[in-house]
Amino acid sequence: MRSDLCGRLGPDDAGRAVTVCGWVDRRREHSEHLAFIDLRDHTGVLQCVVDGARDLRSEYVVSIAGTVRLRPEGTANPALSTGEIELHDCSVEVLSASEPPPFPLDERTDVDETLRLRHRYIDLRKPRMQRNLRARAAVNRAIRRAMDAQGFVEVETPMLIASTPEGARDFVVPSRKEPGSFYALPQSPQIFKQLTMVGGVDRYYQIARCLRDEDLRADRQFEFSQLDVEASFVERDDVLGFVTKAVAEATVEVTGRDPGNFRRITWHDAMERFGSDKPDTRFGMELVELTPIFADTQARVFQAPCVKGICLVGGAEALARSRVDELVAACQRWGAKGLAWMRVVNSPDSIGSALDGGVAKFLSSAEAAAVIGALDARPGDMVFLVADERRLVRHVLGLLRLELGRPPVNDGSFNYLWVVDFPLFEALTAEGDPIPSHHPFTMPHDDDLWKLMSADGPPAGEELLDIRSQAYDLVLNGWELGSGSVRIHRRDVQQRIFEVLGIAPDEAQQRFGFLLDAFRYGAPPHAGFAVGLDRLAALLVGEENIREVIAFPKTQSGADPLTEAPSPIADAHLQELGLRVVPPA
RNA sequence: GGUCCUGUAGAUCAGUCUGGAGUGAUCGCCACCCUGUCAAGGUGGAGGCCGCGGGUUCAAAUCCCGUCAGGACCGCCA
């Protein structure tokens, strides 16, 4: 039907008779006997000189046969990759007419999201979306190549599985054959990939679809894809190596650029210095420890278990008072009692303090000097302090740091960072039971295992929170790209974990029985990881929303304007499934 | 569950703070003109439930309340 692709033709093709197919991108009609048609396919745009264009409109699908020639002197278009040539002596066949499109296909206008998604099949024609979908395919291709080269076997795992109470909210599918029972859609293939290890697969991977019924964000959809990895007889650093190889290969495949070093930071350092377990280390403004400075302070606002601060260079003049008030309000929304701010000035006041404004008047001159020194602040800077429980201080200042200094996530840099040594438990419930920070099969850190396995019984309460695990995350420009861990393969350790978590043996058997059963029959030591491919693809093409690399995404409320999902189903359908809809109260 | 921003012509926006005559602009669309444009150009034309509902007012796109939709974020996402 066609001999060539629009964007692949060049001066070397001059004189060739070709047939190209595509969409009418733009037409410039000069008279009854001269018009230019820009014909677009997925490779680019080609100018075709036609006799008349009265019966051609935007987005008509046409086939144009003609002869390639160099454009006449002085009419080349350097902005176009095919700008030196054109197709002439054209005969045009309309393959499919089109109504005027509901929105322009140019790259200049930001079209309303609902409109784009309702007509996604048109939106996808844009060069940007064509590039993104192809980049995403390139990511998958590179990953498959890298995993294959490292001896991994691609194994598919089921989509209809049993619901387990851990983790995110499940999407659920009613069973027809067993009314009242439900399948869950996988939040991840976690259990199955561990079972492949018991099954002797040795090295498993999958580009897996995962589903979680949690609120959507720029970097979160209900449905997403991850590179899921698990390997036997390996340690943490082996896994980091496998994943680094795959992600680096994908980066090169899409961007042609070396991703550089994948640096490492401990979870503890990430939290203390950046207030986040997914630190964006592309910029400074690190959180600085100020607690000792205020150990004996008279200033009541700083009489707290923890005081930290950040310094905004030039902030004293750059930030209007109204903006500062907004920041204070934001910090209060984030859970802080308040946000202390002060400007650094040139000439010290009567008590010798170079801090001014805000809470400056409550600080002694020694405290002021120490704060300035610790934050390395200069005149003209603004310093922000939060005093509270340590966790809260880190959290609030971490968010404030991002608010004040974060570059766009898609600024073209690739800052890969491994965060290692996550704590085994992230917090205690009101009843004092710990909550696993990864999942209950995560191996404790080698250096902390003795604490957990002590013959006197496990520690309790706050001491538990000091135990580190062999869990790790991969972060790119402040986005969590994925996480993984070394799994527990020792029965005694697993039993101790359940004991600490307050899960009785019979309950553990009920919830995770099939995995625990499997582990009775010879489980190899194993470890794994999962990489969010939507996020990776988005950042590699410079998008700040994963919708842009998903062919048919959902809106933030979880709807699909194209198919109108979710939608009610017929009563007969409900009846067959043994379901009845309860009207909202 | 919560906070914030945005809904005006097919599209993108201005007008809203400070209520007042007929809601404008650009692009697109339709017709005609135009032989080297490339975001072609010219002339003319059509096109509006100012998201929806209620309230205040002599008078509401504009103020107030509610609601729906989209977006960003907090919570949530083992």
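Reckoned from all heavy atoms, side chains included, excluding hydrogens, waters and symmetry mates. It should be emphasised that the depicted structure is a prediction, and the values quoted were computed from it without experimental measurement. Numbers restart at 1 for each chain; the letters A, B, ... are given by sequence-line order, proteins then strands.
Judged as a salt bridge (charged side-chain N to carboxylate O under 4.0 Å, His left out), the pairs with a partner in residues 34-53 of chain A (not counting sequence neighbours) are, in order, A/D25-A/R40, A/R28-A/D38, A/R40-A/E59.
Distance noted for atom C1' between B/A46 and B/C27: 16 Å (whole Å). Look at the P atom in both B/G54 and B/U18: the space between them is 26 Å, to the nearest Å. Taking atom C1' in both B/G51 and B/U35, the straight-line distance is 48 Å, to the nearest Å. Comparing the same atom, C1', in B/C50 and in B/G22 gives a spacing of 15 Å after rounding to whole Å. One C1' atom belongs to B/U37, the other to B/G20, and the distance between them is 48 Å to the nearest Å. For B/A72 and B/C65, the P atoms lie 26 Å apart once the distance is rounded to whole Å. Going from the P atom of B/G66 to that of B/C4 covers 12 Å, rounded to whole Å. Annotation: B/G2 and B/C76 have their C1' atoms spaced 12 Å apart (nearest Å).
In terms of phosphate contacts, A/H395 brings a side-chain nitrogen or oxygen within less than 4.0 Å of OP1 or OP2 of B/G75. An OP1 or OP2 oxygen of B/C74 is reached within less than 4.0 angstrom by a side-chain nitrogen or oxygen of A/R217. Contact annotation: A/T555 side-chain N/O to B/G70 OP1/OP2 distance is under 4.0 Å.
Here B/C76 presents its P atom at 10 Å from CD of A/E214, a figure rounded to the nearest Å. Nucleotide B/C27 holds its P atom 13 Å from the CG atom of A/D106, rounded to whole Å. B/A72 atom P lies 12 Å from atom CD of A/E543, rounded to whole Å. When rounded to the nearest whole Å, the span between CZ of A/F103 and P of B/G28 equals 17 Å. When rounded to the nearest whole Å, the span between CG of A/D112 and C1' of B/U12 equals 11 Å. A straight line from CD of A/E99 to P of B/A11 spans 14 Å, rounded to a whole angstrom. The CZ atom of A/R220 sits 8 Å away from the P atom of B/C74 (whole-angstrom rounding). If you take CG of A/L392 and C1' of B/G75, they are 14 Å apart, rounded to a whole angstrom.
Using a 4.0 Å heavy-atom distance criterion, A/A79 is classed as making no nucleic acid contact. Residue-level contact check: A/D110 touches the backbone only, with heavy atoms under 4.0 Å from sugar-phosphate atoms and none from bases. A/H88 comes within contact range of no nucleotide atom at all, as no heavy-atom separation falls under 4.0 Å. Across all strands, A/T442 comes closer than 4.0 Å to no nucleic acid atom at all (heavy-atom distances). A/R116 comes within contact range of no nucleotide atom at all, as no heavy-atom separation falls under 4.0 Å. Counting non-hydrogen atoms under 4.0 angstrom, A/Q556 reaches a base of the nucleic acid. Nucleic acid contact class of A/I435 (heavy atoms, under 4.0 Å, all strands): none. Within 4.0 Å (heavy atoms only), A/Q190 reaches at least one base atom of the nucleic acid.
Not counting sequence neighbours, the partners of A/K278 by the side chain to side chain contact (heavy atoms under 4.5 Å, CB included) test are A/S276, A/V475, A/E480.
Distances from the side chain of A/E113 to the nucleotides B/U12, B/C74, B/G71 place B/G71 closest. In the set B/A11, B/A69, B/C74, the nucleotide with an atom closest to the side chain of A/T114 is B/A69.
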For this session: Produce a footprint string for nucleotides 30-38 of chain B: one letter per nucleotide, 5' end first; B if the base is under 4.0 Å from any protein heavy atom, S if only the sugar-phosphate is, - if neither.
Result: SSSSBSBBB
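Proximity of A/P423 to A/W267: side-chain heavy atoms (C-beta onward) are separated by under 4.5 Å at one or more points.
Of all nucleotides present, only B/G44 satisfies the Watson-Crick or G-U wobble test against B/C30, with each distance under 3.5 Å. Taking a pair to require two hydrogen-bonding distances under 3.5 Å in either a Watson-Crick or a G-U wobble arrangement, B/U67 pairs with B/G51.
Looking at A/T157 and A/Q206, their side chains do bring a donor and an acceptor atom within 3.5 Å of each other. One side chain, A/N132 or A/E543, offers a donor N or O that lies under 3.5 Å from an acceptor on the other. No side-chain donor-acceptor contact under 3.5 Å links A/Q187 and A/D213. No side-chain N or O of A/Q495 forms a donor-acceptor pair with one of A/E499 less than 3.5 Å apart.
A/Q470 places no side-chain N or O within 3.5 Å of a backbone atom of A/H445 that could act as its donor or acceptor partner.
Judged by distance alone with a 3.5 Å cut-off, a donor-acceptor contact links the side chain of A/D215 to the base of B/G75.
Comparing A/S58 and A/R535, the nucleotide of RNA chain B nearest to each residue sits closer to the 5' end for A/S58.
A cation-pi contact links A/R401 to A/F283, judged by a cut-off of 6.0 Å to the six-membered ring centre and 45° from its axis.
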